[in-house]
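Each remark here refers to the structure printed beneath this line.
Model, not experiment: these values are computed from the prediction. Quick note on labels: first sequence line is chain A, next is B, and so on, each numbered from 1.
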Protein chains: 2
Amino acid sequence: MIGEPAHSVHDSASRSRSNIVAASARPFRSSAYLNRRPTVIASRLCVRSDARSPIIEESSVILEEIREGSAVSDETFQRARTPAQRARRVEDVLTATRRLLAEADVTALSLGAIAREAGLASSNVLRYFGSREGVLLDLMDGEYALWLPDLDSGLRHTGTAIDIDQVAATTAATLAERPLLSRLIAASSELLRYPMPDEALERCRGQGRRNQAELARILGGALGVMLSVRDQAYLVAGLHAVVGAASGWSVQAAFPVDFETAARSLLAIQLEGLVVRAEKPRLSSAPRLE
Amino acid sequence: MIGEPAHSVHDSASRSRSNIVAASARPFRSSAYLNRRPTVIASRLCVRSDARSPIIEESSVILEEIREGSAVSDETFQRARTPAQRARRVEDVLTATRRLLAEADVTALSLGAIAREAGLASSNVLRYFGSREGVLLDLMDGEYALWLPDLDSGLRHTGTAIDIDQVAATTAATLAERPLLSRLIAASSELLRYPMPDEALERCRGQGRRNQAELARILGGALGVMLSVRDQAYLVAGLHAVVGAASGWSVQAAFPVDFETAARSLLAIQLEGLVVRAEKPRLSSAPRLE
């Protein structure tokens, strides 16, 4: 997730330039438009509440459960569960989500669907994960945890020579074996689009830091360069940009693109640039963020 | 649009590896899921038909217009329009779309909404553009046509020295002034997700070729390198990956990222890698696409 590319790309103070883009995050509320076709508006609002506005969706799902009498009260719930049982439930939710994502798009998957597939009340899923996005970001972290050892051992087998093409090829090949990770990376900015509960945000920040450091250790080690914290953030941001884009291109019916080929080619270019800049730090006049 | 990155990244023959990812493009139809909550299913289907499945949406909109008697017949329509009037109508549709995108997301904007805003029947919009995606891809081409001269003149003013940081900074700054272009680039793989009418596909392919050649001429000229057709495709693919990602990160409420800063940093790394590889073509063992 690009949310914790350390302190470099992340820049909350200077958002003024992105205000026009940020405007697109506002609900669709042109009054001229609203006055015309209520049925189409309704379907548009359902796009937003289902895929984009988790807070509204979550509250309404919980209200619905309370009305139906299916919500489990805090008291009953907390008393009934041991830490081991809680861990098991968390794993159940992630497994259910993984199962649903075999057919559903990441951005279209709702909290209610996840809860039903896991056999839990939505309120319980929220208790464990904080939000629908929290579930999906935790799943991404889980996929990262499966991928990184594959990448590590794949690169150890290629010998000691620094060969950027080989590093890019191994990275792309191991990612191609885990399309769900690439799809979650592609959707991650959408998942981070709305504010999250503090606890989920902190967990997500910790996951980002850990994965960034581990990826930098593995790829930096294979390439024989020691990456600064700034360059580690660029490494992850660049990888996410390429992997997210290649994942989207790979499902284009109009112009199909092979994921692995696209990711390998663009990663090689990016790693080449990163290594050149890491090896020869510049005292240039170009603006820097720190 | 990554649809016409020449012959390199594009690879229709070897899609087998992306089959698992491609599976996510299939309609959501788990029967276990379908048996549970009809109302939620309905809202999920409306997400798909509104935002993702233009063909279904377009046919139903046209049928609705015919029922309401608002559709204009082919005969009447073609006889009433001179080429100048047709060009004017095309411009009206693009202007209306631009206006709607000041508040709506690219992926959420429907054909019906565009037609209403332009004061036309949906069938007429389809006659001009082939599909909803055709409108949005033509708008992207229009934004490219506005941006490229800005980029060209921005880079001419920076003098004759080859400075990758300066080229990246000017590219990012001129893009930051046109957030709509970055948003359309970010959405382009979604727009190319479903098959398009042949004519729209050909138009889109031509636009991609033209913009790729022009971008390579401008950036290659500023950097003092002559890019091969393969490297031109990598240049555009890499730019789209970075710009699309930075556009998404810039609207993250959870972890806001400044578009221009992120795009500038990652583009500089990518251009550095591209120049190194363009200047020193390798006889490496790494797989190539040609």
_Verdict with reasoning, B/Arg277 to A/Glu272, per side chain to side chain contact (heavy atoms under 4.5 Å, CB included)_ = CA-CA 8 Å; B/Arg277 297 196 149 220; A/Glu272 186 89 55; 2.8 Å; yes
*Side chain, backbone, both or neither: which part of B/Ala268 has a non-hydrogen atom closer than 4.5 Å to chain A?*
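For B/Ala268, heavy atoms of backbone and side chain both lie under 4.5 Å from chain A.
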With rounding to the nearest 0.5 Å, note down the distance linking [atom1] in [X] to [atom2] in [Y].
X        : Y        : atom1 : atom2 : result
A/Phe255 : B/Met196 : CZ    : CE    : 7.0 Å
A/Arg193 : B/Gln252 : CZ    : CD    : 10.5 Å
B/Leu274 : A/Ile269 : CG    : CD1   : 5.0 Å

*Considering all heavy atoms of both residues, which atom of A/Ala245 and which atom of B/Ala241 are nearest to each other, and what is their separation?*
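For A/Ala245 and B/Ala241, the tightest heavy-atom pair comes out as CB-CB, 3.6 Å.
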*Nearest non-hydrogen partners of A/Ala237 and B/Trp249, listed with the distance*: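 Smallest heavy-atom distance, with atoms named: O-CH2, 3.4 Å.
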*asked:* Below 4.5 Å, heavy-atom pairs only: which of B/Val106, B/Leu201, B/Val242, B/Leu191 has the largest tally toward chain A?
replied: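 That would be B/Leu201.
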